[in-house]
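All heavy atoms count here, side chains included; hydrogens, waters and symmetry mates do not. A, B, ... follow the sequence lines: proteins, then strands. Residue 1 opens every chain.
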Number of protein chains: 2
Amino acid sequence: MDVLDLRKRPSQQRSARTMDVVLEAAAQVLEAGGLGAFNTNAVAARAGVSIGSIYQYFPGKDAVMAALIRLEAARFEAELARALEAAADLPLAQAVERLVALAVASQTARPNLARILDLEERRLGLEAEVTIRSQTTIGQLTQFLARHDVPDPQVAAGDLQNLVRGMVDGALHADPHDLTRRIARAAMGYLSGQAGDP
Amino acid sequence: MDVLDLRKRPSQQRSARTMDVVLEAAAQVLEAGGLGAFNTNAVAARAGVSIGSIYQYFPGKDAVMAALIRLEAARFEAELARALEAAADLPLAQAVERLVALAVASQTARPNLARILDLEERRLGLEAEVTIRSQTTIGQLTQFLARHDVPDPQVAAGDLQNLVRGMVDGALHADPHDLTRRIARAAMGYLSGQAGDP
DNA sequence: GCAGTATGTGAGTAATTACTCGCTTTGGAT
DNA sequence: ATCCAAAGCGAGTAATTACTCACATACTGC
């Protein structure tokens, strides 16, 4: 039984609108004001609900954070799944470019939020439910890479995810298209250099 | 006149030991407990000085943070400068491997700290003194890459820094030596793929 | 209408925390 | 020894904030 769990949702089939509104407000507060501005009052105000309502849906502040992390993870994973399906029959280079473009678009929408969620995921995920966000993302990527005969696909998947994340994080004010090209180049470079060069 | 400046240091030639102690304590608190544990009382306690003393050397909490960011930046830049000098006559691939090893070692020592400083730098550096930490680092790298006839060395320097940072951040529990090899491969892959493939 | 329940409210509370200020201690010059 | 300024101290203060709870309102089946 985790403090971050939402099992205590008062009824089974709630309108869920309030919850969504709160999470969206939390995202906006984090994006606009950073971790320091993320407090229950600010989130409630932005969501247009009372503080009490927040505590009807979430056992505490950290639970809001955790729910937001899971939400964003789920969104990205859904997009990734679609993109992977669409790119299934493409040659590796083109497939990689598409996936990178997806990652760039995803992070560019709310640059600060992504960074904060990264950091908070580590703080909250204290060993349990390790890396909420990347678990299945990595899984999907691993399978994709394995199909393209990339050696050590699991490690490669993790490396690529980190490579992309780092480059997107660092260069958010660049032109997205150009950035995508450079990141794709780095990713392909990594994959080409894979394994036994003699 | 910035709130983060330390110009108001009470005397011109202070022992500076207290200041160092405070900064080291701040680093330890951040590494151990994250941003949430970073408060003036905790830092003072860990440093073995009183709260008052902190405020004799720093105009406020954020100034401690800023000073720590500058300190770590200066340390890394010094190491980088030495490494670049030592690697000046090496072929590109070997030079890159050495630089990557340095970055890995640097971040591995205090993994959480590095991430937090990244985030805080953005929060504090609001447009002024843009990217305290990477300014001269990038400069040094740019010159190095230019000497090796890398096209667009400035962009490449930034990309490489972000690529390395991302990969190190994401895989801190891996074996440092293996990690270094993989990152170096990615970096070389990026550099090889540079410019006009037809 | 009405009973009963689900949902929403927001003033209040207890805890935390950045920072102040009047005081004590230290150390060096005479 | 005496003085003085520099350095250090830490209880106190005002502000912030996570969270509670007694109450109000909306909704549902009758």
Q: Can you figure out which of D/dC19, D/dG8, D/dG10 approaches the side chain of B/I51 most closely?
A: D/dG10
Q) A/Q56 has a side chain; which of C/dG8, D/dG8, C/dC19 sits nearest to it? A)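 Comparing C/dG8, D/dG8, C/dC19 against the side chain of A/Q56, the answer is C/dG8.
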Between [N] ([atom2]) and [X] ([atom1]): distance, integer Å:
X	N	atom1	atom2	answer
A/Y55	C/dA6	OH	P	23 Å
B/F58	D/dG8	CZ	P	12 Å
A/K61	C/dT16	NZ	P	14 Å
B/F38	C/dT16	CZ	P	19 Å
B/M19	D/dG8	CE	C1'	16 Å

When you measure from the side-chain N and O atoms of [X] to the phosphate of [N], is any distance below 4.0 Å, counting only OP1 and OP2?
X	N	result
B/T40	C/dA18	yes
B/S53	D/dA7	no
A/S50	C/dG10	no
B/N41	C/dT17	no
A/Y57	C/dT7	no

Q: Please check if atom CZ in A/R110 has more than 12 non-hydrogen atoms from other residues, nucleotides or ligands closer than 6.0 Å.
A: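 For A/R110, atom CZ is crowded (more than 12 foreign heavy atoms under 6.0 Å).
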Q. Does atom CD of B/E79 have more than 12 heavy-atom neighbours from other groups under 6.0 Å away?
A.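 Above 12, so yes.
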Q: Decide, yes or no, whether a salt bridge links A/D62 with A/R123 under the criterion of side-chain N to carboxylate O below 4.0 Å.
A: yes
Q) Considering heavy-atom distances to DNA chain C, does B/N39 or B/G52 have its closest nucleotide positioned more toward the 5' end? A)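 Result: B/N39.
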Q.
Whether the B/T136 and B/E77 side chains hold a donor-acceptor pair (N or O, under 3.5 Å, no angle test) is what I'd like checked.
A. yes
